[in-house]
Amino acid sequence: MRIMPNRMDRGFYQYQQEFEDKALEVLRSGWYVLGKEVEAFEQEFASYTGGGYCVGLASGLDALWIAFRLLGIGAGDEVIVQGNTYIASVMGVTINGAAPVFVEPDMYYNMDTSLIEEKITERTKAILVTHLYGQASHMDEIMRIAGKHHLKVVEDCAQSHGACYQGQMTGTFGDVGCFSFYPSKNLGAFGDGGAVVVKEESLAREFRIFRNYGSEKRYHNKVVGANSRLDELQAGLLRVRLTHLEELTKEKEKIANRYLREIKNPDIRLPEIRENATSVWHQFVIRCKNRTSLIEYLNDREIGTIIHYPIPPHLSEAYGYLGYTNGDFPITEQFANEVLSIPMYNGMADEEQQIVIDAINQWRA
Ligand SMILES: Cc1ncc(COP(=O)(O)O)c(C=O)c1O
């Protein structure tokens with residue numbers, strides 16, 4: 001039996017009838033872009049997060065770059081970003097011409113808040129915090145530092161739908177919470193999708209205008225915007241998934257707790273949870289020194305794994321122009337060399353979990 005790192009089909013079959021009914025309803029409605037499904041999803045997702053307003057967009061990357069655009073952050077400005085984030089976070093900054101300033105991660109794979117202040121200059125305009133792998137970052141400290149230095153805070157919640165810090169949901173602390181609904185995400189669509197959550201109605205309105213070629217009224221364009229609309233089909237399907245998100249999160253939490261209890265191998269480091277924070281277990285990320293041997297060993301036993309992420313943004317070809325080299329961010333680089341995401345998905349059978357646990361426990365570095 002081959003065990004894949006993720007099985008998005010299982011997530012579909014869990015609620016197949018509801019997804020199919022909704023898809024047919026939208027297809028038969030004759031209305032496919034910016035309609036009642038998007039509006040309803042925006043209200044339901046805003047209320048789920050406890051944030052003020054939600055605006056649906058075409059992707060998580062769009063949510064990020066449009067956020068920085070509307071916050072007025074661009075050429076000549078600097079944004080603090082954690083070094084081990086997914087490269088899309090960094091692109092959200094650089095698409096606007098701003099410069100990323102990398103900070104090393106902490107032991108929870110989120111931004112090490114003790115290293116932020118030394119990176120702040122007179123050009124720093126914002127902190128972009130990624131709640132990586134599904135775990136909420138150290139938000140009270142980030143908000144304290146941002147407040148002290150008058151910085152904007154943008155949260156990359158592409159992996160953290162529903163994760164909380166001190167009971168408050170990620171995406172509702174900063175100026176803008178940016179979400180992705182890429183199919184593999186905890187709240188996944190059946191294609192691309194994204195959204196922002198903001199506190200102020202005026203900012204939500206700016207996002208609504210920007211996503212539709214800068215217009216609120218057809219053919220009356222106020223600003224040079226983008227085409228970044230969440231479509232009706234995705235919004236409808238997301239509404240179905242959202243009604244089940246709590247049980248889906250609990251299911252992942254149960255698998256994660258089982259892994260934490262039952263994986264016992266001195267050569268493997270298990271993930272840890274920050275005090276006052278929760279994880280929605282977008283990924284279950286272990287660490288080991290001899291990763292290649294573990295990947296090959298698991299692969300021989302038909303267990304698939306993924307590395308999130310093997311090349312940190314500062315060493316990517318895309319950001320070669322920033323001039324960084326190996327050794328500039330040792331912790332980020334160590335994580336890139338050691339992290340491994342093991343199979344974990346909604347609808348994962350007990351037997352599949354057992355196979356993963358047994359295989360990892362029997363591995364010797
Ligand atoms: C942390 C993070 N930020 C941003 C993105 C970009 O989201 P999208 O793929 O919807 O553009 C992703 C996912 O791909 C992500 O994991």
Side-chain angles (χ1 to χ4, degrees), residues 5-6 8 38 41 45 54-69 79-96 100 102-103 105 108-111 126-137 139 142 153-163 170-171 174 176-197 207 211 226-231 233-235 237-238 241 252 271 279-285 306-314 316 318-319 332 335-336 339 341 344-345:
N6 194 359
M8 287 177 267
V38 170
F41 172 72
F45 193 62
C54 167
V55 182
L57 300 166
S59 72
L61 175 59
D62 280 2
L64 288 158
W65 77 259
I66 298 173
F68 286 107
R69 181 71 58 92
V79 176
I80 308 267
V81 190
Q82 75 208 53
N84 64 331
T85 189
Y86 181 51
I87 198 163
S89 320
V90 187
M91 290 183 181
V93 171
T94 59
I95 284 171
N96 291 298
F102 296 109
V103 168
Y108 308 102
Y109 306 114
N110 285 329
M111 189 180 283
I127 301 174
L128 169 57
V129 50
T130 305
H131 307 292
L132 201 68
Y133 307 147
Q135 177 161 199
S137 307
M139 285 316 293
I142 286 170
V153 174
V154 175
E155 293 176 73
D156 184 339
C157 308
Q159 306 187 1
S160 73
H161 316 76
T170 52
V176 186
C178 299
F179 292 83
S180 163
F181 305 125
Y182 183 78
S184 65
K185 303 302 187 204
N186 283 40
L187 180 60
F190 292 83
D192 278 306
V196 288
V197 167
F207 276 102
R211 74 174 169 188
N227 173 357
S228 181
R229 302 173 296 216
L230 180 64
D231 66 69
L233 193 55
Q234 299 309 334
L237 295 170
L238 283 166
R241 184 106 69 189
K252 279 196 147 184
S279 175
V280 292
W281 300 102
H282 174 58
Q283 302 295 343
F284 192 93
V285 177
I306 307 190
I307 300 169
H308 294 101
Y309 301 95
I311 303 172
H314 74 277
S316 68
Y319 288 115
T332 298
F335 287 177
V339 293
S341 304
M344 150 86 120
Y345 42 85

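When a ligand or atom number is given, it counts from 1 through the structure's own listing order.
- In this structure, Asn110 contributes its side chain and Leu132 its backbone to a donor-acceptor pair below 3.5 Å.
- Short contacts between ligand 1 and Thr130, defined as distances under 4.0 Å to a heavy atom of the residue, involve ligand atoms 1 (C).
- Regarding atom 13 (C) of ligand 1, its nearest protein heavy-atom neighbour is Lys185 NZ, 2.8 Å.
- When all heavy atoms are compared, the tightest approach of Gln234 to Asp192 is CG-O, 3.8 Å.
- Atoms CZ and CG, on Phe181 and Leu57 in that order, are 9.0 Å from each other to the nearest 0.5 Å.
- Residue Gln159 has at least one N or O atom closer than 3.5 Å to an N or O atom of ligand 1.
- Ranking the protein heavy atoms by distance from atom 15 (C) of ligand 1 puts Ala158 CB, 3.4 Å first.
- For Gln82 (side chain) and Tyr109 (main-chain N/O), a donor-acceptor pair under 3.5 Å exists by modelled atom type.
- The shortest N or O to N or O distance between Thr85 and ligand 1 is not below 3.5 Å.
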Quick one: do Asn6 and Ser184 satisfy side-chain hydrogen bond (donor to acceptor under 3.5 Å, both in side chains)? Show the steps, please.
CA-CA 8 Å; Asn6 194 359; Ser184 65; 4.8 Å; no
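- For the pair His131 and Gly171, the tightest heavy-atom approach, listed with the atom from each and the gap, is NE2-N, 4.5 Å.
- Atoms of ligand 1 lying under 4.0 Å from at least one heavy atom of Ser59, given by number and element, are 10 (O), 11 (O).
- Here the two rings, on Phe102 and Tyr319, have centers that are 6.0 Å apart or farther.
- Side chain of Thr85 to backbone of Thr130: no donor-acceptor contact under 3.5 angstrom is found.
- Looking only at protein heavy atoms, the nearest one to atom 9 (O) of ligand 1 is Ser180 OG, 4.0 Å.
- Listed by number with element, the atoms of ligand 1 under 4.0 Å from a non-hydrogen atom of Gly60 are 7 (O), 8 (P), 10 (O), 11 (O).
- Under 4.0 Å from ligand 1, the heavy atoms of Asp156 that appear belong solely to its side chain.
- Given atom 11 (O) of ligand 1, the protein heavy atom at minimum distance is Leu61 N, 2.9 Å.
- Listed by atom number, the atoms of ligand 1 under 4.0 Å from Ala88 heavy atoms are 4 (C), 5 (C), 6 (C).
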